[in-house]
2 protein chains.
Amino acid sequence: MDETSPPPSPAGPKPRSPRTPKGLRAVARAAGVSTATVSRAINRPEVVSEELRTRIAAVIEHLGWVPDGAARALVTRRSGTVGAVFPTLIQGDFARAANALQRELLGEGHTLLMACSDYDPELEFRQVRIFAERGVDGLILVGGTHHPDLVRLLERLALPVVNTFVFDPANPGRTVGPDNRRALFDLTSYLIGLGHRRFGVIAQSTRNNDRAAERLAGIRDALGAHGLATRPAHHAEGLSGIAEARALFRRIMAAEPRPTAILCGNAYLAVGAELEALAMGLAVPGDLSIVGYDDIEIMSELPVPITTVRVAGDEIGRRAARCLLARILGRPDADGHECPAEIVVRASSGPPPA
Amino acid sequence: MDETSPPPSPAGPKPRSPRTPKGLRAVARAAGVSTATVSRAINRPEVVSEELRTRIAAVIEHLGWVPDGAARALVTRRSGTVGAVFPTLIQGDFARAANALQRELLGEGHTLLMACSDYDPELEFRQVRIFAERGVDGLILVGGTHHPDLVRLLERLALPVVNTFVFDPANPGRTVGPDNRRALFDLTSYLIGLGHRRFGVIAQSTRNNDRAAERLAGIRDALGAHGLATRPAHHAEGLSGIAEARALFRRIMAAEPRPTAILCGNAYLAVGAELEALAMGLAVPGDLSIVGYDDIEIMSELPVPITTVRVAGDEIGRRAARCLLARILGRPDADGHECPAEIVVRASSGPPPA
DNA sequence: TTGTACGCGTTATCAG
DNA sequence: CTGATAACGCGTACAA
């Protein structure tokens with residue numbers, strides 16, 4: 001039965017159509033219905049008679065047919081995909097957000113295209129461009145500031161975008177995250193309230209990281225409101241390593257007079273600072289208070305649990321997905337988009353030494 | 001003589017063409033060339049004359065045209081995407097692997113579709129089905145055992161698949177990862193060599209986790225080779241929490257005679273065990289040796305750095321990508337696919353108490 | 001409720 | 001090296 005299709009004879013025109021049907025047509029033929037009916041049975045089952053529906057389902061199952069997303073996307077102008085570009089997955093709460101994002105998209109029949117920018121705006125732009133070629137229906141980005149080319153591209157494409165891990169009241173519905181600045185304003189104010197006056201800061205690099213920059217601004221604001229500021233020798237910037245934090249911590253503590261409180265830019269920087277403090281024989285919080293940002297399990301399990309700011313990464317992912325899907329599907333978007341940044345007070349913070 | 005109807009089209013054809021062209025055709029028209037030439041200028045620049053190439057590039061830039069991946073996929077039968085299903089991103093080395101995977105794919109012009117199965121074979125199957133509909137060119141999975149329906153689906157689709165975080169010499173080129181069984185065989189043998197005879201195990205649940213099961217088997221093998229075995233009261237299974245590990249650790253240590261060494265199924269279980277041991281006032285390794293699996297930074301920074309098995313997650317991601325791309329692109333695949341599992345001896349392991 | 005026929009935007013195959 | 005044109009597989013007005 002494979003003998004049917006004749007080879008293209010030189011004299012003959014084009015081999016018009018007598019080929020064995022595939023895909024949708026094969027299903028339609030096997031079920032004895034038209035392709036339109038099969039299509040409807042899949043996409044709008046309620047409009048096809050019960051009998052046909054089950055018959056078609058049986059044929060699809062039997063043939064093991066899987067609809068062709070490319071063909072479908074071509075005609076519907078919808079790919080059913082959403083692109084997300086994170087700075088990285090191996091630090092911060094981005095993996096958790098990606099996880100939640102993906103799960104939420106699944107419920108609405110969408111799929112996640114995932115990429116990392118490595119904190120490089122140029123790479124972020126390229127990744128988004130690739131996503132655009134793949135026909136994503138929407139985009140999840142991190143932070144509020146992007147490459148100028150990226151901004152132009154997004155305007156041209158008119159693609160729904162949600163910026164995450166930031167919150168900008170001026171941009172309702174396009175940002176989902178905590179108010180980084182206020183979070184560190186509050187945390188710093190809390191320490192000032194305890195009586196601290198000399199602060200050390202082990203910050204994340206603010207290079208291409210507007211969230212980190214905002215948090216630093218929050219610290220400055222709070223200190224400034226009390227006529228305070230950190231000394232240059234008490235300020236250090238690092239990436240996100242425990243070992244790195246230990247080194248930076250030593251450097252800060254070498255500059256007299258020592259600070260009585262250390263603000264750390266992320267969880268691992270705080271863990272490193274505390275481990276080094278304990279290794280140096282310092283009492284926490286007796287000699288020194290240590291606070292961090294982000295809450296990971298180890299922070300509450302160390303010998304001296306660390307005070308920190310908790311922002312639920314999975315909550316950000318979930319809300320961002322819902323917000324984006326609302327825009328894509330043209331639905332109203334009821335969710336609020338500011339995610340709470342909650343100060344979790346633990347044993348590592350207390351009054352300064354007398 | 002053209003007035004008569006063309007070939008066998010009885011109904012009046014409606015050549016609705018006076019619409020302004022879009023996409024490729026718009027570019028072609030603006031550049032004064034054919035669509036074929038524009039297409040070639042993009043996909044095989046070397047066969048288009050220098051002059052046309054630059055002219056076309058200018059037009060593309062000016063119009064801000066982005067090729068339509070759906071249309072391209074429809075005709076080439078290639079989507080330029082690869083699907084990956086991880087159990088989760090917020091545990092183990094999966095996020096690191098995803099990160100590396102994505103970067104490696106980027107270099108070859110491919111994009112990553114990412115999903116999580118939550119250790120549920122049924123969900124894994126559904127995710128792969130969705131990927132199939134999206135037209136992925138290949139698939140990255142974790143582990144070697146999958147839902148029967150998934151196995152059948154993969155056979156039918158003839159989709160290249162790489163199973164990661166496992167290594168099976170019998171399946172060359174389809175598995176990329178460590179030999180889990182041998183890794184824990186070696187680690188356990190190392191402890192036996194130190195003189196340990198009574199072992200506790202805080203294992204990861206083996207439910208839908210063949211890697212964890214293999215590792216347990218490795219432990220059993222090594223113990224059995226010396227006529228040893230773990231007592232039921234010294235065996236506990238958990239997921240992956242520090243707090244959980246502490247509780248399990250207490251339970252194990254409550255059963256006399258206490259073990260002199262604890263084998264932990266992953267990094268956080270080991271961290272939890274050690275923190276609890278120190279909190280209980282036990283000397284590590286004086287009273288008790290503790291070893292883990294996977295190497296995360298905190299393990300080497302704790303007061304007593306923890307002996308563990310290091311498997312480079314990013315290496316797995318990178319190699320899996322290369323292996324899969326080789327199959328997709330029909331290239332020879334030179335890489336080896338067993339990733340080394342290296343025992344990193346630190347202070348937490350030593351001879352048993354006398 | 002079901003079937004027919006067209007078109008989505010691109011690439012491949014030819015013929016020039 | 002370039003141009004014309006037929007598919008690619010599906011969704012959907014429109015007709016029946």
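All chains are named by letter (A, B, ...) in the order of the sequence lines, taking the proteins before the strands, and each is independently numbered beginning at 1.
Between Ile328(B) and His110(B) there is a side-chain heavy-atom pair separated by less than 4.5 Å. Contact annotation: the side chain of Arg103(B) approaches that of Leu123(A) to within less than 4.5 Å [non-hydrogen atoms, C-beta and beyond]. Between Met114(B) and Gln102(B), the closest side-chain pair of non-hydrogen atoms is not below 4.5 Å.
One atom, CG of Leu74(B), and another, P of dG7(C), lie 16 Å apart when rounded to the nearest Å. Between Arg53(B) atom CZ and dT2(D) atom C1' the separation is 14 Å, expressed in whole Å. Atom CD1 of Ile56(A) is separated from atom C1' of dT1(C) by 12 Å (rounded to the nearest Å). dT2(C) atom P lies 8 Å from atom CD of Glu51(A), rounded to whole Å. One atom, NZ of Lys22(B), and another, C1' of dG9(C), lie 10 Å apart when rounded to the nearest Å. Atoms CZ (Arg29(A)) and P (dG9(D)) sit 14 Å apart, rounded to a whole Å. Rounded to an integer number of Å, the gap from Ile60(B) CD1 to dG9(C) P is 16 Å.
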Sequence-aligned protein contact record of nucleotides 11-16 of chain C, with B where the base is within under 4.0 Å of a protein heavy atom and S where only the sugar-phosphate is | BB----
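Between Arg25(A) and Leu52(A), the residue whose closest nucleotide on DNA chain C is further toward the 5' end is Leu52(A). Nearest-nucleotide mapping onto DNA chain D: of Val66(A) and Glu46(B), the residue sitting toward the 5' end is Glu46(B).
Residue Thr37(B) places no side-chain N or O under 4.0 Å from the OP1 or OP2 atom of dT2(D).
Electrostatic pairing of Arg53(A) and Glu50(A) counts as a salt bridge here, judged by a charged N lying under 4.0 Å from a carboxylate O.
Taking only side-chain atoms of Ser49(A), from C-beta outward, the nucleotide of dT2(C), dG3(D), dC8(D) with the closest atom is dT2(C).
Of the residues Leu101(B), Asp314(B), Leu89(B), the one that meets the side chain to side chain contact (heavy atoms under 4.5 Å, CB included) test with Arg96(B) is Asp314(B). Each of Asp210(A), Val142(A), Thr175(A) was checked for a side chain to side chain contact (heavy atoms under 4.5 Å, CB included) with Phe165(A), and the lone residue meeting it is Val142(A).
No side-chain donor-acceptor contact under 3.5 Å links His147(A) and Glu124(A).
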